[in-house]
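We number each residue from 1, following the sequence as shown.
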Amino acid sequence: MKYVALPVEKVRRLSFYLAMEEYVARRIDEQDLFFMWQVEPSVIFGRNQLIENEVNLKFCRERGIKTYRRKSGGGCVYADMNNVMFSYVTKDEAVGFTFNRYINMVVLVLQNLGVDAKASGRNDVMIGDRKVSGNAFYHIPGRSIVHGTMLYDTDMVNMVGAITPTDEKLLSKGVASVRQRIALLKDYINLDIEQFKTFVRNNLCQGEIVLNEEDIRGIEEIEKDYLTDEFIYGNNPKYTIVRKRRIETVGDFEVRIEMKNGEIKGMVMLGDYFIVGDIDDTILRPLKGVRLEREALEKALPEQLDTAILNLRKADFIDLLL
């Protein structure tokens, strides 16, 4: 696996690194590529999330915390200069397999440091019963992109204040309760953050590709899309019915259904689930014009929904809609 380096190391906006993932995936012909990055205080929320549901915008404005949307699914995370972000790009198009392989690579690196790390749930790396890394992925033609956090250290007040979690995810508010759920890597290793980054790179990568100024201009062109209000904030959909539920091993769902004459006219699906296929063809289009009744839903939907959303079963999704 090759490491992708920038010609000049400096702190850039989070959106630059998201664009860099895309640029690298589309322009560099290597099987596996990896790079690490750090940002000033930022919140990044998933492709299918509404910003007002996930982010305390008033707190972020007051603290100068930037907000960005990414193209992968999953939940909302806070990042700052004491949090190392990983990006992995591969030619392997089997997204689920690639995701698991990447997480196991991260676990092995931590184990090589003497840390008792393990993979857990859909997308987490744990130390004991505490989360040290969360990860997400998406797919473009010919490439899979995986990215994730590594909590070396972080500003706990910013982390708690910037993100608005659901009651199911966080039963009691405050720094103390969050601190009980997460692990900070600095408490488990004797390396500072720069030494840790060097260790990761040496364990995962052989060789380096250094981007040039033309590459930087290409990345910045892609980055423009990430900075538009339309992409960051999205358009709030019209709806007449809202269904909310957490489906274990799949994620949190908020489905907004627009009804007319007892039939589904349109539907928008929000949440932190992971997309592995075409939601429009598999779920949304088949349900248009269908009555919101179990028999009609069962007839309209294909048997396999996990080809579109990771681990989603047809029966669970119908239960959610009803």
Side-chain angles (χ1 to χ4, degrees), residues 14-15 17-19 21-22 25 42-55 67-79 85-90 92-103 106 119-125 131 133-141 143-149 163-166 168-169 225-226 230-237 243-256 267-284 304-314 316-317 320:
L14 189 148
S15 51
Y17 298 103
L18 297 179
E21 292 174 339
E22 281 198 57
S42 303
V43 169
I44 177 172
F45 52 100
R47 167 180 169 179
N48 311 298
Q49 295 185 303
L50 278 182
I51 187 170
E52 61 265 32
N53 285 0
E54 308 297 331
V55 183
T67 55
Y68 302 91
R69 183 188 297 276
R70 62 180 186 268
K71 293 184 178 179
S72 60
C76 185
V77 297
Y78 168 81
M85 308 294 281
F86 293 168
S87 293
Y88 171 59
V89 178
T90 178
D92 196 328
E93 293 195 65
V95 181
F97 174 78
T98 297
F99 192 47
N100 290 332
R101 184 178 64 185
Y102 165 78
I103 289 179
V106 174
S120 177
R122 300 176 305 153
N123 63 323
D124 295 338
V125 176
K131 177 177 175 177
S133 171
N135 303 276
F137 63 86
Y138 71 105
H139 177 261
I140 65 173
R143 294 290 191 277
S144 295
I145 296 171
V146 185
H147 42 212
T149 63
I163 296 173
T164 308
T166 64
E168 290 175 302
K169 288 182 180 177
D225 290 337
Y226 284 93
E230 182 180 3
F231 181 77
I232 295 173
Y233 297 102
N235 295 317
N236 288 344
R243 301 288 195 231
K244 294 183 181 181
R245 181 181 170 190
R246 178 167 182 81
I247 301 177
E248 289 303 318
T249 77
V250 184
D252 287 330
F253 283 80
E254 179 176 328
V255 181
R256 299 186 171 197
M267 182 183 297
V268 175
M269 294 170 53
L270 309 166
D272 64 358
Y273 51 84
F274 291 127
I275 297 173
V276 295
D278 193 323
I279 289 182
D280 287 339
D281 285 345
T282 306
I283 299 175
L284 299 183
Q304 297 297 122
L305 299 188
D306 57 1
T307 59
I309 295 177
L310 188 67
N311 296 335
L312 181 61
R313 298 190 309 164
K314 180 177 178 177
D316 289 338
F317 184 66
L320 163 66

task = Please report the C-alpha distance between Arg143 and Tyr138 in whole Å, then the side-chain angles of each, then the deciding distance to 0.1 Å, and finally whether the side chain to side chain donor-acceptor pair (under 3.5 Å) criterion is met.
result = CA-CA 9 Å; Arg143 294 290 191 277; Tyr138 71 105; over 6 Å; no
query = Can you check side-chain contact (heavy atoms from CB on, under 4.5 Å) on Ile44 and Leu14, steps first, answer last?
reply = CA-CA 8 Å; Ile44 177 172; Leu14 189 148; 3.6 Å; yes
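- Here the side chains of Phe99 and Asn123 are in contact, with some heavy-atom distance below 4.5 Å.
- For the pair Lys244 and Leu320, the tightest heavy-atom approach, listed with the atom from each and the gap, is C-CD1, 4.1 Å.
- Taking a cutoff of 4.0 Å between a charged side-chain nitrogen and a carboxylate oxygen, Glu22 and Lys71 qualify as a salt bridge.
- Listed by chain and residue number, nothing satisfies the side-chain hydrogen bond (donor to acceptor under 3.5 Å, both in side chains) test with Tyr102 (two or more places apart in sequence, or in another chain).
- Taking 4.5 Å as the limit, every side-chain heavy atom of His139 sits out of range of all side-chain heavy atoms of Val276.
- Residues Met269 and Ile309 share a closest heavy-atom pair of CE-CD1, 3.5 Å.
- Applying the side chain to side chain contact (heavy atoms under 4.5 Å, CB included) criterion to Lys131, with sequence neighbours excluded, gives Asp124, Met126.
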message = side chain to side chain donor-acceptor pair (under 3.5 Å), that's the test. Do Thr98 and Asn100 meet it? Break it down for me.
response = CA-CA 6 Å; Thr98 297; Asn100 290 332; over 6 Å; no
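- Residues satisfying the side-chain hydrogen bond (donor to acceptor under 3.5 Å, both in side chains) criterion with Asp316, sequence neighbours excluded, are Arg313.
- Here Asp278 pairs with nothing under the salt bridge (charged side-chain N to carboxylate O under 4.0 Å, His left out) rule; sequence neighbours left out.
- Contact annotation: the side chain of Ile163 never approaches that of Glu54 to less than 4.5 Å [non-hydrogen atoms, C-beta and beyond].
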query = What do the steps show when you test Ile103 against Asn135 for side-chain contact (heavy atoms from CB on, under 4.5 Å), and what is the final call?
reply = CA-CA 8 Å; Ile103 289 179; Asn135 303 276; 4.1 Å; yes
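- Of the N and O atoms on the side chains of Thr282 and Asp280, not one donor lies less than 3.5 Å from an acceptor on the other residue.
- Here the side chains of Ser120 and Val125 are not in contact, with every heavy-atom distance at 4.5 Å or above.
- No donor-acceptor pair closer than 3.5 Å links the side chain of Ser42 to the backbone N or O of Ala79.
- Here Ala136 pairs with Arg70, Ser72, His147, Phe274 under the side chain to side chain contact (heavy atoms under 4.5 Å, CB included) rule; sequence neighbours left out.
- Heavy-atom minimum distance, Ile140 versus Ala25: CD1-CB, 3.6 Å.
- In this structure, the side chains of Thr90 and Arg101 come closer than 4.5 Å at one or more pairs of heavy atoms.
- Taking the side chain as every heavy atom from C-beta outward, Val250 and Leu310 never approach each other to under 4.5 Å.
- Partners of Tyr78 under the side-chain hydrogen bond (donor to acceptor under 3.5 Å, both in side chains) rule, at least two apart in sequence or in another chain, are Asp80, Asn158.
- For Val146 against Phe137, the heavy-atom pair with the smallest separation is CG2-CB, 4.0 Å.
- With sequence neighbours left out, the ring pair (Phe, Tyr, Trp, His ring centres under 6.0 Å) criterion links Phe86 to Phe34.
- Residues Leu18 and Arg69 come closest through the heavy atom pair CD1-O, 3.7 Å.
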inquiry  = Walk me through whether Tyr68 and Tyr226 qualify under ring-ring contact (aromatic ring centres under 6.0 Å, His included).
reply    = CA-CA 8 Å; Tyr68 302 91; Tyr226 284 93; 8.9 Å; no
key: Criterion side-chain contact (heavy atoms from CB on, under 4.5 Å) on Asp252 and Gln49, from CA distance to verdict   = CA-CA 10 Å; Asp252 287 330; Gln49 295 185 303; over 6 Å; no
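- Residues satisfying the side-chain hydrogen bond (donor to acceptor under 3.5 Å, both in side chains) test with Asp306, not counting sequence neighbours, are Gln304.
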task = List the steps and the verdict of side-chain contact (heavy atoms from CB on, under 4.5 Å) for Leu50 and Phe45.
result = CA-CA 8 Å; Leu50 278 182; Phe45 52 100; over 6 Å; no
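- Here the closest non-hydrogen pair linking Ile247 and Leu312 is CD1-CD1, 3.9 Å.
- Every side chain to side chain contact (heavy atoms under 4.5 Å, CB included) that Lys314 has, sequence neighbours left out, goes to Glu298, Leu301, Glu303, Leu305, Ile318.
- We find the CZ-CZ distance between Phe253 and Arg246 to be 10.0 Å, quoted to the nearest 0.5 Å.
- Distance alone, capped at 3.5 Å, is enough to place a donor-acceptor pair between the Asn311 side chain and the Thr249 backbone.
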